[in-house]
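Single-structure report; data block below.
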Amino acid sequence: MARFLLAAIMILLGSSASSSSSSSGSSAVLEPLFQYIDGHQNEFVQRLGEWVAIQSDSSDPAMWREVERLLNVTAQKIQEMGGRVEFADVGTQQLASGETATLPPVLLADFERDAHKPTLCIYGHVDVQPAKKEDGWVTDPYNLTEVNGNLYGRGATDNKGPVLAWLHAVEAYQATKQELPVNLKFIIEGMEETGSDGLEELTRQRNESFFSDVDYIVISDNVWVSRRPALTYGTRGSTYFFVEVKGVNQDLHSGTWGGCYQEPMSDLIALLDSLIDHSGKILIPGLNEAVAPLTEEEKKLYEDIHFDVEEVKKEIGISHFLQDTKEGILMARWRYPSLSIHGIEGAFSDPGSKTVIPRRVIGKFSIRQVPNMEPAVVERQVKEHLKQVFTKRKSPNSLAVTTTVGAKPWVADLKDPQYVAGRKAVKAVFGVEPELVREGSTIPIAHNFQEITGKSVMMLPIGGHDDGEHSQNEKISRSNFIQGTKLFAAYFHELSQLQKDPTM
């Protein structure tokens, strides 16, 4: 790794003459690839449509057969290009019914290896969030539909489009008779949207085999923050909480029992209200103290990011943010923790009125964590706080707090060689320097890969800032899909150049 790092520094500090020569050489390599990608874009879009049509919703065990179906389609595509594939068992999961079901396997693949080339491992997933037309989709979520240059469909940007773009980039090299400049491995799963069950353990099991010769790991499972391409160097972690308040053994009529009984819903509302104030500040004692202080160097990174506050307000339909500046908004989304209340189970939520006192309600909220925050510590702080608030109410009801997920945040080193290659690839395709951004959501595998394998990890997104991943009308623009394929092809080339500097 030290050899690659030194090479990266030499590339950054090289003379203008060598830079010009390198640019000329890169152009000769990349131009045929770009022409092939442009010429086959309709074919690529059609293939994306075929993948979107497979309803690989991992949240529903009944749909896991569709997840496995798409994993098989992916494996077939890799095999057609000469890759070797393996389906790795990741165990079972106990369902809510009490039954045990076998999890969809993880697809491991690699291509012919050359000991003189760096090895890149590409991670992606082919499962999706649930989607129904009646949820508010303008188009059928499982029928890829192009409208004004945008390709609408569940999974178009998260993450079927990027996975296909990587495969299409490999195809472009092969079709133009160019040797792949790096060794390639793929790890593609079908349970990312529900927590990647079994993947962390599989990574540990294969650390001395599948990952042993890997130099770099790249993930393309996020989006840009503006209309400008980006490289992502950090994500927030997440812990999901369930707060159960239980009273009597049956629902009660509010006319008959209202006023003489401590209602579970009242307790729950008070508990949820104690978590966060009107300014967005988390009120749990000790939680904010773990956040790393902001340095001047980090602060400057936010100043250069293209983020139009007024435009974003219009896009999402909001009158004002809790912060007054672009930098404040971005930091709130990326580098500081946040707490979001998601819902109440057991409460009446259907249209109309129902005068019932629920016997049992469960509040649901999550905390997005940042570096220096440990999920176990956060869990303890939350439970102690809620117990204290509940005790003060002197309620006869019972309280139970449970958690799921507990994913850690991830931050990479921007001086890592991968980021050198990524920046050069973005410049080659888009003609601009990428924005260096963090991601507010949680992508546990980034931290897991980095912690377990010790390898270099980078996130290289191609999705647009307005793609609406996880939302109604998810899309990827045709431009991002095709230009993103070029970006991946250019990235292969630039990564290979890190160890080819003539002075090394």
Side-chain angles (χ1 to χ4, degrees), residues 58-59 93-94 96 125 129 158 189 191-201 203-204 219 221-222 232 234-245 268-277 280-292 322 331-346 361-390 399-411 438-452 457 459 469-470:
S58 58
S59 71
Q93 183 183 94
Q94 186 171 13
H125 69 90
Q129 287 277 324
D158 183 19
E189 65 160 321
M191 292 295 290
E192 191 275 343
E193 298 293 3
T194 55
S196 298
D197 277 7
L199 185 56
E200 181 177 351
E201 180 57 30
T203 304
R204 295 185 190 280
I219 301 169
D221 189 21
N222 62 315
T232 306
T235 64
R236 293 194 291 189
S238 179
T239 299
Y240 201 100
F241 292 86
F242 299 86
V243 185
E244 178 187 72
V245 181
L268 180 60
I269 295 301
L271 291 168
L272 295 178
D273 187 54
S274 75
L275 296 171
I276 189 170
D277 71 11
K281 180 183 178 181
I282 299 175
L283 301 176
I284 299 164
L287 190 142
N288 294 299
E289 295 173 9
V291 179
L322 295 176
M331 289 183 198
R333 292 174 58 185
W334 298 346
R335 81 164 318 274
Y336 291 116
S338 65
L339 188 152
S340 300
I341 298 172
H342 303 294
I344 298 177
E345 183 179 336
V361 286
I362 301 174
K364 304 176 183 183
F365 68 93
S366 68
I367 296 178
R368 298 286 176 172
Q369 296 152 47
V370 296
N372 297 350
M373 296 176 71
E374 288 291 331
V377 175
V378 171
E379 180 180 348
R380 175 178 56 78
Q381 291 170 331
V382 169
K383 288 183 176 180
E384 288 178 354
H385 169 74
L386 289 174
K387 182 178 179 180
Q388 186 177 52
V389 173
F390 191 71
L399 170 69
V401 182
T402 56
T403 65
T404 60
V405 185
K408 293 182 178 181
W410 162 77
V411 174
R438 288 165 72 164
E439 172 70 49
S441 62
T442 303
I443 304 176
I445 196 60
H447 175 273
N448 293 346
F449 279 148
Q450 186 167 285
E451 181 179 57
I452 296 170
V457 179
M459 297 188 71
E469 69 275 30
H470 289 204

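For reference, positions follow the sequence shown, starting with 1. We use all heavy atoms of the structure for the numbers below, so side chains are in, but hydrogens, waters and symmetry mates are not.
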Smallest separation among heavy atoms of Val389 and Ser274, with atom names: CG2-OG, 3.8 Å
CH2 of Trp334 to OG1 of Thr235: how many Å apart, nearest 0.5 Å? 12.5 Å
Donor-acceptor under 3.5 Å (Asn222 side chain, Met459 main chain): no
Distance (rounded to the nearest 0.5 Å) between Thr404 OG1 and Phe241 CZ: 9.0 Å
Identify the heavy atoms of Thr194 and Ser59 that sit nearest to each other, and give their distance. CG2-CA, 3.6 Å
What's the separation between atom CD in Gln381 and atom CD1 in Ile282, rounded to the nearest 0.5 Å? 10.0 Å
In terms of heavy-atom contacts, does CD of Glu201 have more than 12 from other residues, nucleotides or ligands at under 6.0 Å? yes
Under a plain distance cut-off of 3.5 Å, with no hydrogens placed, do Glu189 and Ser196 share a side-chain donor-acceptor pair? yes
As a quick check of understanding, evaluate side chain to side chain contact (heavy atoms under 4.5 Å, CB included) for Val291 and Asn372, giving each step before the final call. CA-CA 6 Å; Val291 179; Asn372 297 350; over 6 Å; no
Could you walk me through whether Leu339 and Phe365 pass the side chain to side chain contact (heavy atoms under 4.5 Å, CB included) check? CA-CA 7 Å; Leu339 188 152; Phe365 68 93; 4.0 Å; yes
Tell me the closest heavy-atom pair linking Val243 and Leu399, and the distance in Å. CG1-CD1, 3.6 Å
Is there side-chain contact between Val411 and Arg438, with at least one heavy-atom pair below 4.5 Å? yes
Would you kindly say whether Gln450 and Trp410 are connected by a side-chain donor-acceptor distance under 3.5 Å? yes
Flag, side chain of Asn448 to backbone of Glu451, donor-acceptor distance under 3.5 Å: no
Determine whether Ile367 and Ser338 make a side-chain contact, defined as any pair of heavy atoms from C-beta on separated by less than 4.5 Å. no
Counting C-beta onward and ignoring hydrogens, is there a side-chain heavy-atom pair between Leu386 and Leu275 closer than 4.5 Å? yes
Walk me through whether His125 and Asp158 qualify under side chain to side chain contact (heavy atoms under 4.5 Å, CB included). CA-CA 8 Å; His125 69 90; Asp158 183 19; 3.1 Å; yes
Taking Arg236 for the side chain and Gly440 for the main chain, is one N or O donor matched with an acceptor at less than 3.5 Å? yes
Between Glu193 and Ser58 the two heavy atoms that sit nearest each other are CB-OG, 3.7 Å
Heavy-atom donor-acceptor pair, His385 side chain to Arg380 backbone, under 3.5 Å: no
Gap separating the CD atom of Glu345 from the CG atom of Leu268, nearest 0.5 angstrom: 11.0 Å
Test item: Val378 and Leu287 side chains (from C-beta on) under 4.5 Å apart, heavy atoms: yes
Minimum heavy-atom distance between Gln369 and Ser238, given as atom pair plus value: NE2-C, 3.6 Å
Quick check: do Met373 and Pro337 have side-chain heavy atoms less than 4.5 Å from each other? yes
Examine the side chains of Arg368 and Thr442 and answer whether a donor and an acceptor come within less than 3.5 Å of each other. yes
Distance from Thr239 atom OG1 to Glu374 atom CD, nearest 0.5 Å? 10.0 Å
I'd like to know whether Val382 forms a side chain to side chain contact (heavy atoms under 4.5 Å, CB included) with Glu379, so could you lay out the CA-CA distance, the side-chain angles of the two residues, the decisive distance to 0.1 Å, and finally the verdict. CA-CA 5 Å; Val382 169; Glu379 180 180 348; 6.0 Å; no
In Å, rounded to the nearest 0.5 Å, how long is the span from NZ of Lys364 to OG of Ser340? 15.0 Å
